[in-house]
Amino acid sequence: MDLNMRSATPFVVHHHDDDHKTSSEECGAAWAYPFQVAFLGSYPKKPLYIADSVVDLFFATDIVLTFFVAYIDPTTHLLVRHSKKIATRYLSTWFLMDFASTIPFEGLYYLFTGKPKITLSCYLLGMLRFWRLRRLKQFFTRLEKDIRFSYFWVRCARLLSVTLLLVHCAGCLYYLLAELYPHQGKTWIGALIPNFPETNLWIRYISALYWSITTMTTVGYGDLHAVNTMEMVFIIFYMLFNLGLTAYLIGNMTNLVVEGTRRTMEFRNSIEAASNFVSRNRLPPRLKDQILAYMCLRFKAESLNQQQLLEQLPKSICKSICQQLFLPTVARNYLFKNVSKEILLLLVAKMKAEYIPPREDVMMQNEAPDDVYIVVSGEVEIIDCETDKERVVGTLQSGDSFGEVGALCCRPQGYTYRTKTLSQLLRLKTAALIEAMQTKKDDNIQILKNFLQHHKKLKDLKIGELLAEGEDEGDTNMDDNLLTVASTGNAALLDELLKAKLDPDIGDANGRTPLHIAASEGHKECVLVLLKHGCNVHLKDFSGSTALWNAIESKNHTIFNILYHFSILSDPYVAGELLCTAAKRNDLAAMKELLKYGLNVDSKNHHGQTPLQVAMSGNSMEMVNLLVMNGAEVVNENSYEFPSTTLTEMLQKREVGHQISVPENAPEEVVSIQLNAEKEGSGRNSVRDNNNPHRVSIYKGHPMERRETFCKEPGRLIRLPASLEELRNIAGEKLGLDASKRMIMNDEGAEIDSIEVIRDNDKLFIVDYL
C-alpha cells in the first residue's frame, strides 16, 4: 500500500501517528525475526509468539483497510474514490506481496507437522516479512521532507539504520549456516569455539556481528573465516553486495558534506571574483566596499529575499501575498492618499520587493526616470552631488518614496538616493505607474494633486523648484518641464501645472512651445488642455513653423482639424500662410496634405501672395506643377518670373484633367473637414477660403467632341457663383462667347439646370443648343 497517496476521504483517514506506529512494528519485526530463527533455533515461546501474532494482525488489518483508501491517479492527478477502481488497483499491484508477508508460516508449519524445529525452507518463506521494510523506507522519506526535522540528521539516521540492519541480518544468516551444517566443528565459529551451541547467546551474537562488520568494511582480520564450501559461497555473495552498499553509503555521506559546505564555497568564490574584478579594473575603494558589502548581504540575507519564491507561485497567490505585505505601506505613502483601493491593488501587484545593503546607491543623480521606489523598512539618504563634496539634504523613512519627481515630471533625477541601513524597497516601473494613473481619471487627478501639494512644502530639499512660488516670480525649471510633460502626453499633469499659473507659451532652445511638441507627437488631450489655458496658436519656432504646420507635417489629422478651426477664428489668412510655407520650403508632401484638406489653392498670406507666386519666385518646378494641376489660377503666363512656355504646357495638361485634392482613400478626418466646409459655405470656420467655397473649370465645346478631337484649347478655373446666370456671364467673359443662349454640361454630357448640383472641382462645358 502506497502511504504517500493516503488522504482524507469518505472511506478511511490515515494519520501520521498510525504510520509511525506501523513503522516501529515493521522495524522490530524485521530485526527480531532473523535473530529468532538463527539463535533461538526452535519455535518461539508463548510471549514472543503472541507479540508476533499481534504484529501480523496489524498488517492484516492494514491490508483490509487499503481496499477503502482513495488514491491519486498518476496520469490525471485526480483523487479516485470509486471502490471498484481502488480494489482493482491494489489487487494488481502490492496486494500479493503484502498478503504473503503477513502469513505466519512458522505457525502453520507447527500446526500441520507438530514439530517445533523450524526448517530452512520455512525460514526462507519467513524472509518475506522483509517486504514490510518498504513502509519503513516511506517513513524516512516523509521525515526527510518534513522541515521540522534536520535533513542532515534524518539522512544520517536512515543510512545508519540501513547499515546496522544489513550487518545484523548478514550475521544472523552466517550463524544459521553454521547452526545447520552437519559437522559443527568444520564451521567458521566451530573452528574457534568447539561445541558453540552451548556457549552463551550473547557471545555467539557478538561473534556473528563482529564477523559481519569486519567483512563489510573489507578489513577481514582472518580470525573468523570461512571453513566449508557453503560459507565460502555465502561470503563471496556478501562481499559483492558490500561493494554496492559501500558505494551507496559513501555517495550519500559525500553529498551531505558537500551540501553543507556548498553555500560557503559559493560565497568565497563570489568574493574572490569580485575582488579580482575590482583589482583588474582599478576601481576606487568606495566602489570596492559597496560591491563586497552587497555580496556579504546577499549571502547573509538570502532567505529574506522573497522575490524568487513569489515567482514560483501562481499569480493569484502572489497578489494576495503582496497585498498582505505591502498594501499598508503603499496606502500610507503621500502619493496615494485618498486613492481608490482598486488602483492601490493594481500598483501593489506590479511592485517588486528588493533588499538593498547599506551605503548602496539606489538611484543616481541625473539618471533617467525609469523607476519609483517606496521605502518599506530602513533609511535612505537624499544626497546632492552637484558640488565637489557630497551633501546630505534629507533622509527618507518607512512609507516615503523617491523617484516620483522624475517619473511624473519626465526629468532626470535631481538627487542621489543612497541606503543608510539595510533597507527593503518596493520598486515600481514608471510606465506601470503612468498606466495605472490613466486607468481612472479621478484617481489620476488625485495622485497629481497629492504630488503638487506635497512638493510645495519641501523647500528645504529644493524640490519646491517644481512649482512657481508666486505670480510675480516664475520658475524657469518648472516651465521647461511643461515641454517634457507635453511630449509624454500626460494631459492631467499638464493641466495641474498650468493651473499653477505657469506660462503655456514657454519655448525651448529652438523656440518650440508645448503646443508645438504636443502637435508633433500627436497628443490630442494635451493640445486641448493647452488651448483651454489660452496658449497662442500662432507662435512660430525659430524655423518659422507653427503648431499647425507641425501637425500637418506629422500627419496628425485630428489635431490639425482642431488647431485649424481654432486658428481661423483669429486669423483669416491661416490657409494662405500654410500653403505659402509649403511652397516656400518646396515641401510637396505637406502641400499635398493641405490640398487634401480642401484648402483653397489660391489662398493668400499676410503679404498678399498666393502659393503659386511663392513657388514661381523660388523656381520650384515640381511645386508649380502640383499647384497648377490642382487648379491654381494663372492670370497672365508672362507676368511671372518663371518660364512662360513651361507654364503654358502645364495649363494645357490641366485642361485634359487636373489632380483631385481629396482621393478616394483620404483619411476620415479629411472627408469630415471637407463636408463641414461645404455645409458652412463661406463661414469663417470653413477650411476653404471664406470667399471661395467652390472652384470649377469651364471649357468651350461639347466634352465628347473635345475628347475625340484631342482638343487642347485651354479652359478657365473660376470661382463658382451663386446662380447659373452669373456662371454664363463669367463664362462669356472668360471664353469670349455669348453663353446666355447656351447650355451647361458636366464631363459626362449631362445638362446642368441648377447651381446646387455643381460640386467643387467639377468640369463644366458651354455647349450650343441643338
Side-chain angles (χ1 to χ4, degrees), residues 575 595-603 610 612 626-635 648 650-666 670-683 685-770:
L595 294 177
K596 286 179 183 179
Y597 275 95
L599 271 65
N600 186 7
V601 72
D602 294 322
S603 299
T610 64
L612 184 60
L626 176 62
L627 293 171
V628 171
M629 297 304 292
N630 277 276
E633 186 176 3
V634 180
V635 178
T648 302
M650 293 180 183
L651 290 172
Q652 290 176 352
K653 291 180 181 179
R654 186 175 71 180
E655 302 308 323
V656 180
H658 60 268
Q659 296 180 4
I660 301 175
S661 57
V662 183
E664 295 179 357
N665 59 349
V670 177
V671 177
S672 174
I673 293 172
Q674 294 221 5
L675 291 176
N676 291 334
E678 291 175 3
K679 292 179 181 179
E680 294 171 358
S682 60
N685 288 337
S686 173
V687 176
R688 297 186 181 88
D689 191 279
N690 52 11
N691 295 320
N692 301 280
H694 295 286
R695 60 186 187 275
V696 295
S697 300
I698 56 176
Y699 302 88
K700 182 169 62 176
H702 196 282
M704 301 298 294
E705 295 178 355
R706 290 179 62 90
R707 281 195 288 268
E708 292 175 357
T709 59
F710 300 96
C711 180
K712 295 183 179 181
E713 183 179 358
R716 293 292 185 268
L717 181 66
I718 65 172
R719 300 167 184 172
L720 183 64
S723 64
L724 288 176
E725 288 75 16
E726 294 181 16
L727 178 59
R728 287 188 173 93
N729 294 334
I730 295 174
E733 295 176 2
K734 296 292 185 179
L735 301 176
L737 51 82
D738 184 8
S740 60
K741 296 180 180 180
R742 302 188 183 210
M743 63 179 176
I744 302 175
M745 289 184 177
N746 64 1
D747 192 24
E748 298 176 355
E751 182 179 1
I752 296 174
D753 58 359
S754 175
I755 196 68
E756 285 78 13
V757 301
I758 301 177
R759 297 173 300 179
D760 190 25
N761 293 324
D762 275 353
K763 296 180 181 180
L764 305 180
F765 298 84
I766 311 302
V767 183
D768 293 332
Y769 284 99
L770 298 176

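Remember, predicted model here, so these are calculated numbers, not experimental data.
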With side chains defined as the heavy atoms from C-beta onward, is the minimum distance between I755 and L720 less than 4.5 Å?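 The answer is yes, as the side chains (C-beta and beyond) meet within the 4.5 Å cut-off.
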Contact between M743 and V767 at the side-chain level, heavy atoms closer than 4.5 Å - yes or no? yes
Contacts of type side chain to side chain donor-acceptor pair (under 3.5 Å), residue S754, not counting sequence neighbours: E756
Please report the closest heavy-atom contact between I752 and M745, naming both atoms and the distance.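 Result for this residue pair: CD1-C, 4.1 Å.
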Only counting residues at least two apart or in another chain, list the ones meeting side-chain contact (heavy atoms from CB on, under 4.5 Å) with I718.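 For I718 the side-chain contact (heavy atoms from CB on, under 4.5 Å) partners, ignoring immediate neighbours, are V696, I698, R716, L727, I730, K734.
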To the closest 0.5 Å, what do you measure between CG (L764) and CG (N746)? 8.0 Å
Between CD1 of I758 and CD1 of I744, what distance do you get to the nearest 0.5 Å? 6.0 Å
